[in-house]
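Written out below as structure tokens is the structure these notes cover.
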Amino acid sequence: MQKEITCTINEKQYVLSVDVRKSLLDILRDLGITSVKEGCGVGECGACTVLIDEIPADSCITLAVWADGKTIRTVEGESANGQLSKVQQAYIDAGAVQCGFCTPGMIMTTTAFVEKHKDCKVSREDIRKGHAGNLCRCTGYETIISAVEMCLKDSDNNDSGKN
Amino acid sequence: MAVGKSPRRKDAVAKVTGRARYTDDLSMPGMLYAKYVRSPIAHGRVLHIDTQKAQSLYGVEAVFTFEDVPDKRFATAGHPYSLDSKHTDIADRRLLTGHVRYQGDEVAIVVARDRLTAEAAVELVQVKYEEYPVAVNAQTALKADTPPIHEGGNVIGSHRFEVGGMLEKAFEEADEIVESHYQTGVVQHCHIENHSTYAYMDDMEHIVVVSSTQIPHICRRIVGEALDIPWGRVRVVKPYIGGGFGNKQDVILEPMAAFLCMKLGGVPVKIELPREECFISTRTRHSTRSNIRAGTTKDGVLKGLDIEIFSNTGAYASHGHAIMGAAGSKSCNLYPRSVIKLKATTHYANIPTAGAMRAYGSPQVIFGIECLMEEAARAINMDSLDFRIKNVARQGDINPLKEKEILSCGMVECLENGRELIGWDAKKKAYKNQTGHLRRGLGVACFSYGSGTYPACVEIAGARLILNQDGSVHLQIGATEIGQGSDTAFCQMAAETLGVSFDNIHVVSTQDTDVSPFDTGAYASRQTYVVAPAVKQAAQELKAKILAYTALMTGQVPESLDLIAGNVVFANRPDKVVLPLDKVAMDTYYHKERGGQLTADVSYKTRTNSPSFGCTFVDLEVDIPLCKVFIKEIFNVHDSGVIIHPQMAAGQVHGGLAMGIGMALYEELLIDENSGYIYNNNLLDYKMPTCMDIPDLGCAFVETREPTGGYGNKSLGEPPNITPAPAIRNAVWDATGVKIDEIPMTPKTLYRHFAKAGLI
């Protein structure tokens with residue numbers, strides 16, 4: 001069964017006819033937004049994390065039809081005019097990128113975390129709690145946590161993780 | 001100078017922007033999806049299989065059973081081909097089987113137009129089984145009356161050596177002999193990208209396999225062998241890969257994808273495993289049981305080590321016949337002045353197949369050795385760190401097995417460095433005589449490892465450099481980037497030797513066996529070590545060609561010229577530019593009377609294998625009533641020779657440390673002893689650490705200069721994973737006085753031991 005939905009993805013409007021059995025992950029990938037990775041399909045690994053109305057969510061366990069009327073952000077939309085977002089840049093600078101498969105989802109979790117905590121003092125423990133839904137096997141999380149710290153340290157007068 | 005710095009990874013921007021394309025991100029119109037029909041029982045035989053209902057489901061293109069596949073057995077281990085017929089891998093698999101050997105074994109496969117239809121069709125295949133007795137461990141698998149899992153019995157290999165003297169004589173000279181029994185569990189790689197592959201044909205002869213593999217060139221050969229087609233007709237393409245850790249150093253889906261594609265007229269066919277299947281039907285780490293004895297004099301000279309180990313390779317051999325031999329021999333560099341005797345037996349069992357996993361058996365062997373070193377030191381009332389420093393390898397020692405001199409060795413310096421980092425001496429005093437529920441403990445463990453597989457296997461690497469019109473240089477290598485950063489390291493090497501800036505070296509990250517130079521791939525922590533000479537030689541050759549060509553253009557003699565920072569300069573006046581490289585390059589391409597594209601193409605076989613060294617230090621707290629371990633500080637200190645890229649090197653250490661912590665405290669694939677049923681084939685029930693479970697990770701390097709390394713470098717990728725587990729176990733013993741000789745030390749395990757010791 002198909003259903004029509006309207007949503008905003010990376011600041012672009014979409015009117016989509018979606019198979020009701022499909023997840024948000026499926027339809028994003030069908031649209032060519034392949035940064036959204038499937039690592040488990042059941043909400044365990046976080047590789048498919050996107051922001052839905054600014055809240056990080058596992059798109060694999062979000063039905064596509066639930067995206068109706070929502071605003072979705074993926075890592076493809078985070079860099080603009082050849083400029084990486086602050087979070088993307090911090091991941092590179094901290095050495096938080098290895099195989100890169102968890103990276104897009106992890107960056108979206110960080111983006112929401114940094115936006116939420118821009119005026120707060122947070123500990124590495126707080127960062128750990130905020131990223132516990134995203135698994136990474138390459139980094140031992142050490143440099144990912146450092147990347148988040150770098151973003152928070154630099155959160156001057158920007159209103160988001162974007163430059 | 002580019003080596004020793006940390007320039008931005010070549011793939012960093014692609015990966016943070018989501019533009020890096022992995023196998024699953026590449027798709028073809030009309031691609032079909034295949035899904036396996038898996039056995040629900042761990043051991044038995046298919047009596048009857050009915051595919052009719054599945055075949056008649058709309059959207060199903062084909063169903064193949066074990067009766068439809070070639071009667072051809074092949075080996076899957078990602079080893080280089082061996083010309084020695086006594087050194088070949090064990091060919092014990094067919095594409096599908098009627099004799100199922102673990103819960104999840106593959107009896108049939110469904111091909112459909114989309115994934116959902118394939119999944120529905122699998123449910124419609126009806127299979128009747130005759131059940132056989134199940135053997136999941138050495139005790140049952142090796143019993144005389146246990147039915148063989150494969151023809152020829154359940155022992156697939158044994159490795160024995162006794163080196164450095166006679167063990168019995170060494171033990172006669174010892175004042176204390178200690179002995180213990182150790183056990184390590186089944187763990188899984190948990191790369192976040194599951195296995196995925198697809199195959200298609202562009203013509204009637206050649207088949208293209210795109211796959212998430214660490215070993216494209218080996219994969220080509222094994223697909224050819226499995227399907228009995230000439231290797232030259234198989235082309236394997238490796239795009240970006242989302243982690244491997246050894247699990248993609250095995251050929252798992254590729255022969256089947258190629259078979260289906262050929263059967264179905266060359267249309268693209270894809271197989272992607274969901275996480276649950278990836279857990280049980282790819283590879284795992286061998287679980288082991290070992291009995292180890294050590295003899296020491298009362299002043300701390302380790303006289304001998306006697307290692308007996310049983311390694312469980314599960315349903316199929318994969319790498320099983322090689323792993324214990326490799327792990328045993330790599331460990332000989334650690335205590336090279338002692339007699340070492342190894343007796344390893346590897347056996348089949350009705351559990352998921354074990355294969356290569358980060359450090360290839362060394363974590364299991366070293367776990368036992370380093371636990372026992374703690375015991376030996378205690379037996380003679382010696383500090384266990386001092387005991388190790390007294391016995392570990394030093395530069396100039398002779399490896400007793402290989403009879404080769406250890407040319408670079410920073411093992412003692414690593415231990416001394418760790419002593420300072422963790423504050424060993426002060427904390428040792430402070431942690432004496434603790435009581436109460438929370439107790440602190442210190443632990444240490446050390447390792448040696450190899451830099452490749454020579455002389456067991458050929459070590460061949462290839463590098464090709466091409467001067468582009470704009471003066472930049474393209475690097476093509478056969479070695480595979482799997483996240484560890486090898487592409488970047490090779491660009492640094494090329495930049496260093498060639499005299500072109502790192503930014504002006506481009507790398508082709510995708511391997512394509514029709515195009516890429518030959519190299520056997522990412523495993524054995526080999527690539528930086530064995531590819532370095534190939535890159536170096538290619539860079540030297542290209543540089544010589546550039547200087548000769550510039551000499552031709554300008555009338556200078558080549559010997560008077562040098563290439564520095566992208567300019568041809570006078571060797572004795574480096575500030576004086578003769579010609580910028582782009583001007584030279586344009587002339588080579590477009591001058592009508594002279595020149596031609598300048599390239600260098602090198603294939604190089606490394607015939608050395610230098611040991612790397614290192615250790616883990618840990619300070620932890622044990623909450624006795626909670627049966628939980630909290631790591632307060634943990635450091636790995638490594639001698640990997642010259643560090644090519646400090647930031648990426650630290651990344652390898654962090655990742656290996658975390659994987660080692662997981663193996664020590666949390667992770668185990670739980671398999672029912674009687675039925676072979678697997679309880680936790682997913683990331684919810686299998687406890688791969690989240691960032692809540694991993695503490696801050698410390699890392700330091702002792703940089704020796706290895707004379708056989710192209711840039712003074714030695715192995716690093718796998719080693720960080722070897723020693724966290726024994727260091728943590730030794731610290732738990734230090735904290736609680738309870739000696740735990742099995743991992744993972746989950747709360748359940750700790751409870752059992754603490755209760756037995758009367759602590760709770």
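Each chain gets a letter, A, B and so on, in the order its sequence line appears, and its residues count up from 1. Basis for what follows: all heavy atoms, side chains included, without hydrogens, waters or symmetry-related copies.
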When [options] are compared by non-hydrogen pairs under 4.5 Å with chain A, the top option:
{"options": "B:Gly18, B:Gly243, B:Ala658, B:Cys699", "result": "B:Gly18"}
{"options": "B:Ala650, B:Pro274, B:Pro689", "result": "B:Pro689"}
{"options": "B:Met648, B:Arg275, B:His654", "result": "B:His654"}
{"options": "B:Glu481, B:Glu272, B:Met659", "result": "B:Met659"}

With a cut-off of 6.0 Å (strictly less than), are more than 12 heavy atoms of other residues, nucleotides or ligands near CZ of B:Arg19? no
Can you confirm whether A:Lys70 is buried at NZ, in the sense that more than 12 heavy atoms of other residues, nucleotides or ligands lie under 6.0 Å from that atom?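 Count not over threshold, so no.
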Side chain to side chain, [X] and [Y], heavy atoms closer than 4.5 Å:
{"X": "B:Glu276", "Y": "A:Val42", "answer": "yes"}
{"X": "A:Glu44", "Y": "B:Leu684", "answer": "yes"}
{"X": "B:Lys15", "Y": "A:Gln98", "answer": "no"}

If the contact rule is any heavy atom under 4.5 Å from chain B, which residues of residues 125-138 of chain A qualify, in numerical order?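 Near chain B, by residue number: A:Glu125, A:Arg128, A:Lys129, A:His131, A:Ala132, A:Leu135, A:Cys136, A:Arg137, A:Cys138.
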Against chain B, residues from residues 24-38 of chain A with at least one heavy atom under 4.5 Å, in numeric order, are A:Asp26, A:Arg29, A:Thr34, A:Ser35, A:Lys37, A:Glu38
Interchain contact, [X] with chain A, by part (heavy-atom threshold 4.5 Å):
{"X": "B:Leu116", "value": "side chain"}
{"X": "B:Val13", "value": "both"}
{"X": "B:Gln647", "value": "side chain"}
{"X": "B:Pro695", "value": "backbone"}
{"X": "B:Tyr240", "value": "neither"}
{"X": "B:Ala12", "value": "both"}
{"X": "B:Asp693", "value": "neither"}
{"X": "B:Asp25", "value": "both"}

When heavy-atom pairs shorter than 4.5 Å are enumerated against chain B, which of A:Ala96, A:Gly100, A:Cys102 gives the highest number? A:Gly100
Option in A:Ile107, A:Thr143, A:Thr139, A:Thr74 with maximal non-hydrogen atom pairs under 4.5 Å from chain B: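 Among the listed options, the one with the most contacts to chain B is A:Thr139.
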Gap separating the SG atom of A:Cys99 from the NE2 atom of B:His191, nearest 0.5 angstrom: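 It is 10.0 Å, given to the nearest 0.5 Å.
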Heavy-atom distances under 4.5 Å only: say whether A:Tyr141 touches chain B with side chain, backbone, both or neither.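 Just its side chain gets close to chain B.
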For the side-chain contact (heavy atoms from CB on, under 4.5 Å) test, which of B:Thr17, B:Ile192, B:Val16 pairs with A:Thr103?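 Exactly one pass, corresponding to B:Val16.
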